[in-house]
Amino acid sequence: MRLRFAPSPTGYLHVGGARTALYNWLLARHSGGTFILRIEDTDQSRYTEEAIDAITEDLAWLGLQWDEGPGVGGEHGPYRQTERGAVYSEAACRLLWEGKAYRCFCTPKEIAARHEAEKVDARTARREHACRFLSEEQVARLEAQGVPSAIRFKVEEGTTIVRDLVRGDVVFDNGIIEDFVLLRRDGTATYNLAVVLDDTGMAITHVVRGDDHLSNTPKQLMLYAALGVEPPRFGHLSMIVGTDGKPLSKRFADVSVGFYREKGYLADAMVNFLSLLGWSLDDKTTIIDRESLITGFSLDRVTSKPAVWDIEKLDWMNGVYIRSKSDEELAELLVPFLRRAGYDLDSARLARAVPLVKERMKVLEDAVPLLSFMGAADPGLEEDARKALQTDGARRMLAASLEALESLPVFEAAQIESALREVAERLGLKPRVAFQPVRIAITGNKVSPPLFGSLALLGKEASLRRIERALKE
RNA sequence: GGCGCAUUAGUCUAGCUGGCCUAGGACGCCGCCCUCUCAAGGCGGAGAUCGCGGGUUCGAAUCCCGCAUGCGCUACCA
């Protein structure tokens, strides 16, 4: 199988695009085939170099390596539409000569007016453009006058059946399809011409893409037929929508892969989550590693229902993946986040911090507030936290703790724990009431990572200082 | 307007070659256990007349028709 992902460079990789890319990649890997990346930038006004970089970066981050395409080359290039112009105009001219297409001299304004009129009575509207019936002499004269023209495809009567791999057969009546433009008056190709030629040129065997292309597929099928080329197989994926059933928009969730990467979602979690957006391995598996995804993925189990972007489930899943990382791996992943937050961490300290926060994170970013207590500055106290330090029990506990900790020769979690438990018992305080003041003194917060480990991480000096300070409150 | 696609609990989904479904799994929620807080983990629980209305059948979430709703396409956008 040869499959492709063909994004238009709109500035970022949309999660829907990411899912499409993933499914193509999965199919390629599953079949031992080839995954191709092609940039659809026929509309030159929209394309920028940065936009392409953003997309390729995100794809690479997800681990969806392409076998052919920008950056890696391949025998079927070029892999950018703007570099394939000659292919398009050549094919369009051929269709013109063969009488399968015609020149249209209408101005866009005229066309727009006509479309407007059609809306009034769509049933009687004619799908062929008047220019289709121009005589050769008329065409020659207009051309001689230098009237610019676009090239339109002649849609013939009949029906076109799309044998869709995920939806089954979908029948279209050609009568509802307008003679569509192949080559714009400026000589550039439209999408429908370009995809067909690109997929042909790149020997694509399976086109797996978004639902929004389903209605265009009959046009492409007609083009394949006119060109005398065997069409690829098609599979159309449903859209990704928000929990309100509407297309994903910024109102409900952020739609770019980059956004999730920056918040600290893991690539593996994203891939797993994306895979389940419209596909399932079986009736109960939700955590699926890459290997199993590759072996288990098939278009048979892809649903045609719209897939909903469920951020709560993604959060949960990301937590699962974070917990499955080794401390060392997680430490490495955390470095950029902690560094960005301004924490200075040597690797030894980081190694001790990781187990403290590992099972308390949904995204890597969560580690930042969790570890804020180990910053150099002693934390400020909220009003109710300060109040909790004022009780008699709290003051006795803090004072006794200070003494006990001061005399500890080894300031590690285990030693700290037994020392503090001993103190609590001696004072007749239940653990939960005894340790809370210490926690507040150390972290400034009523909620924190495990206390004893946190103390050890903070270090003896700072710990003692903070307890002393708390006693003065 | 036309054409196309879709419609299972708060949410995501399995099932859709009809009976094994008095609808399975997951997220979330609630409760209990564990426990230095928060998490994580373990155990248990509530929650769906399978969009609505007809039909076919001994039997339908599953097949057919109609309706409703949502979305997509209907561009010299991709």
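The chains referred to below are lettered A, B, ... by the order of the sequence lines, with proteins before strands, and numbering in each begins at 1. The figures that follow rest on heavy atoms only: side chains count, while hydrogens, waters and symmetry mates do not. Keep in mind that what you see is a predicted model, and the values were worked out from it rather than measured.
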K.L.:
With sequence neighbours left out, what residues match A/W279 under ring pair (Phe, Tyr, Trp, His ring centres under 6.0 Å)?
P.N.:
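A/F297.
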K.L.:
What distance, rounded to whole Å, do you find between the two C1' atoms, one in B/U35 and one in B/A40?
P.N.:
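Looking at atom C1' only, B/U35 and B/A40 are 11 Å apart.
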K.L.:
Show me the pairs that pass ring pair (Phe, Tyr, Trp, His ring centres under 6.0 Å) and involve residues 429-454 of chain A, at least two apart or across chains.
P.N.:
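Only A/F435-A/F452 qualify under ring pair (Phe, Tyr, Trp, His ring centres under 6.0 Å).
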K.L.:
Could you walk me through whether A/M361 and A/N318 pass the side chain to side chain contact (heavy atoms under 4.5 Å, CB included) check?
P.N.:
CA-CA 9 Å; A/M361 288 189 283; A/N318 201 57; over 6 Å; no
K.L.:
Just to be sure I understand the rule, does A/V171 reach a base, reach only the sugar-phosphate, or reach nothing, if contact means heavy atoms closer than 4.0 Å?
P.N.:
sugar-phosphate
K.L.:
Please give, in whole Å, the distance from B/G15 P to A/W279 CH2?
P.N.:
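Going from CH2 in A/W279 over to P in B/G15 covers 11 Å.
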K.L.:
Once you apply a heavy-atom cut-off of 4.0 Å, does A/P7 come out as touching a base, just sugar-phosphate, or nothing?
P.N.:
nothing
K.L.:
When the distance from CG of A/D212 to P of B/C77 is rounded to whole Å, what number comes out?
P.N.:
17 Å
K.L.:
Provide, to the nearest angstrom, the distance between the CD1 atom belonging to A/I177 and the P atom belonging to B/G4.
P.N.:
11 Å
K.L.:
Could you tell me whether the phosphate oxygens of B/A78, OP1 or OP2, come under 4.0 Å of any side-chain nitrogen or oxygen in A/R184?
P.N.:
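Result: yes.
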K.L.:
Could you write nucleotides 24-29 of chain B as a row of B, S and -, 5' to 3', where a protein heavy atom under 4.0 Å of any base atom gives B, of only sugar-phosphate atoms gives S, and otherwise -?
P.N.:
BBBSS-
K.L.:
Answer with base, sugar-phosphate or nothing: what part of the nucleic acid does A/F180 contact at a heavy-atom distance below 4.0 Å?
P.N.:
nothing
K.L.:
B/G28 and B/G72: how far apart are their P atoms, nearest whole angstrom?
P.N.:
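Looking at atom P only, B/G28 and B/G72 are 30 Å apart.
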K.L.:
Given B/U11, B/A39, B/U74, identify the nucleotide with an atom nearest to the side chain of A/E359.
P.N.:
B/A39
K.L.:
For the side chain of A/R439, starting at C-beta, report the closest nucleotide among B/C36, B/C3, B/A78.
P.N.:
B/C36
K.L.:
Can you tell me if the side-chain N/O atoms of A/R152 get under 4.0 Å from OP1 or OP2 in B/C76?
P.N.:
yes
K.L.:
So if I take every side-chain heavy atom of A/S215 and compare against B/A14, B/G41, B/G72, which nucleotide ends up nearest?
P.N.:
B/G72
K.L.:
Going by salt bridge (charged side-chain N to carboxylate O under 4.0 Å, His left out), name the pairs with one or both residues in residues 82-95 of chain A, residues two or more places apart or in two chains.
P.N.:
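Salt bridge (charged side-chain N to carboxylate O under 4.0 Å, His left out) check on residues 82-95 of chain A returns A/R84-A/D198, A/R94-A/E98.
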K.L.:
Using a cut-off of 4.0 Å on non-hydrogen atoms, how would the nucleic acid contact of A/S304 be classed: base, sugar-phosphate, or nothing?
P.N.:
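Answer is sugar-phosphate: A/S304 comes under 4.0 Å of backbone atoms only.
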K.L.:
Toss me the dot-bracket line for RNA chain B: Watson-Crick and G-U wobble, both under 3.5 Å, 5' to 3', using | for pairs to another strand and [ ] for crossers.
P.N.:
(((((((..((((.....[....)))).(((((.......))))).....(((((..]....))))))))))))....
K.L.:
Would you mind listing every salt bridge (charged side-chain N to carboxylate O under 4.0 Å, His left out) that reaches into residues 431-454 of chain A, with sequence neighbours excluded?
P.N.:
A/D384-A/K446
K.L.:
Using the P atoms only, state how far B/G70 lies from B/U62, rounded to an integer number of Å.
P.N.:
23 Å
K.L.:
If you find the nucleotide of RNA chain B closest to A/L451 and the one closest to A/V241, which residue's nucleotide is nearer the 5' end?
P.N.:
A/L451
K.L.:
Of the candidate nucleotides B/A14, B/C3, B/G72, which contains the atom at the shortest distance from the side chain of A/R301?
P.N.:
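Closest nucleotide among those given: B/A14.
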K.L.:
Considering only atom C1', compute the distance from B/A39 to B/G24 and round it to an integer number of Å.
P.N.:
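Going atom to atom, C1' in each nucleotide, I get 29 Å.
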K.L.:
When the distance from NZ of A/K219 to P of B/A78 is rounded to whole Å, what number comes out?
P.N.:
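After rounding, the reported distance stands at 12 Å.
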K.L.:
Does anything in residues 157-177 of chain A pair up under salt bridge (charged side-chain N to carboxylate O under 4.0 Å, His left out), and if so which pairs, sequence neighbours excluded?
P.N.:
A/R163-A/D169, A/R167-A/D211
K.L.:
Expressed in angstrom and rounded to an integer, what is the separation of A/L330 atom CG from B/A40 atom P?
P.N.:
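Going from CG in A/L330 over to P in B/A40 covers 15 Å.
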K.L.:
Per the atom types in the model, does the base of B/C36 pair as donor or acceptor with the side chain of A/R432 at under 3.5 Å?
P.N.:
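Checked by distance alone, the answer is no.
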K.L.:
Whole angstroms only, please: what is the CG-P distance between A/N318 and B/A40?
P.N.:
13 Å
K.L.:
Which nucleotide in the list B/A14, B/U74, B/G4 gets nearest to the side chain of A/T303?
P.N.:
B/A14
K.L.:
Specify the separation, in whole Å, of atom CG of A/N272 and atom P of B/U13.
P.N.:
14 Å
K.L.:
Is it true that A/D366 and A/R360 have a side-chain N and a carboxylate O under 4.0 angstrom from each other?
P.N.:
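Not counted as a salt bridge, because no side-chain N and carboxylate O are separated by less than 4.0 Å.
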K.L.:
I'd like the C1' distance from B/A75 over to B/U56, given in whole Å.
P.N.:
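Pairwise C1' distance, B/U56 against B/A75, rounds to 44 Å.
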K.L.:
Measuring to OP1 and OP2 of B/U8, would you say a side-chain N or O of A/K305 lies under 4.0 angstrom away?
P.N.:
yes
K.L.:
Any salt bridge linking A/E412 with A/R352? Criterion: basic side-chain nitrogen under 4.0 Å from a carboxylate oxygen.
P.N.:
yes
K.L.:
Between the side chains of A/R323 and A/E359, is the shortest nitrogen-to-carboxylate-oxygen separation below 4.0 Å, so that they form an ion pair?
P.N.:
no
K.L.:
What N/O pairs connect the protein and nucleotides 44-51 of chain B at under 3.5 Å? Give each pair on its own line.
P.N.:
none

K.L.:
Would you please name every residue forming a side chain to side chain contact (heavy atoms under 4.5 Å, CB included) with A/R469, sequence neighbours left out?
P.N.:
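A/R469: side chain to side chain contact (heavy atoms under 4.5 Å, CB included) contacts with A/D378, A/P379, A/L381.
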K.L.:
Listed by chain and number, what are the side-chain hydrogen bond (donor to acceptor under 3.5 Å, both in side chains) partners of A/Y321, not counting sequence neighbours?
P.N.:
A/N272
K.L.:
Any side-chain N or O of A/R360 below 4.0 angstrom from OP1/OP2 of B/U37?
P.N.:
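The answer is no; no side-chain N or O of A/R360 sits under 4.0 Å from OP1 or OP2.
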K.L.:
Looking only at atom P, what distance separates B/A78 and B/G15, rounded to whole Å?
P.N.:
37 Å
K.L.:
Charged N to carboxylate O below 4.0 Å: is that the case for A/R421 and A/E417?
P.N.:
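Salt bridge: yes.
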K.L.:
Taking CD from A/Q81 and C1' from B/C77, how many angstroms apart are they, rounded to a whole number?
P.N.:
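These atoms are roughly 12 Å apart.
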K.L.:
I want to verify a distance call: between B/A40, B/A14, B/G2, whose nearest atom is closest to the A/I176 side chain?
P.N.:
B/G2
K.L.:
Taking only the side-chain heavy atoms of A/L214 (C-beta and beyond), determine which of B/C5, B/A78, B/C36 contains the nearest atom.
P.N.:
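For the A/L214 side chain, the nearest candidate turns out to be B/C5.
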K.L.:
Mind checking the P distance from B/G51 to B/U8? Whole angstroms is fine.
P.N.:
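The answer is 6 Å between these two P atoms.
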K.L.:
Give A/A434 one of three labels, base, sugar-phosphate or nothing, depending on what nucleic acid heavy atoms sit under 4.0 Å from its own.
P.N.:
nothing
K.L.:
Counting any heavy atom closer than 4.0 Å, what does A/H236 reach on the DNA or RNA strands: base, sugar-phosphate only, or nothing?
P.N.:
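A/H236: no heavy atom of the nucleic acid under 4.0 Å.
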K.L.:
Please report the distance separating the C1' of B/A48 from the corresponding atom of B/U11, rounded so that it comes out in whole Å.
P.N.:
13 Å
K.L.:
Residues in ring pair (Phe, Tyr, Trp, His ring centres under 6.0 Å) with A/F5, at least two apart?
P.N.:
none
K.L.:
May I ask you to say whether A/R132 pairs ionically with A/E156, meaning some side-chain N is under 4.0 Å from a carboxylate O?
P.N.:
yes
K.L.:
Which nucleotide, B/C5, B/C71, B/U11, lies nearest any side-chain atom of A/R167?
P.N.:
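Of all the options, the side chain of A/R167 is nearest to B/C5.
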K.L.:
Between A/V302 and A/N216, just flag the one whose closest nucleotide in RNA chain B comes earlier from the 5' side.
P.N.:
A/V302
K.L.:
Output all residues satisfying ring pair (Phe, Tyr, Trp, His ring centres under 6.0 Å) with A/Y102, sequence neighbours left out; order by chain, then residue number.
P.N.:
none
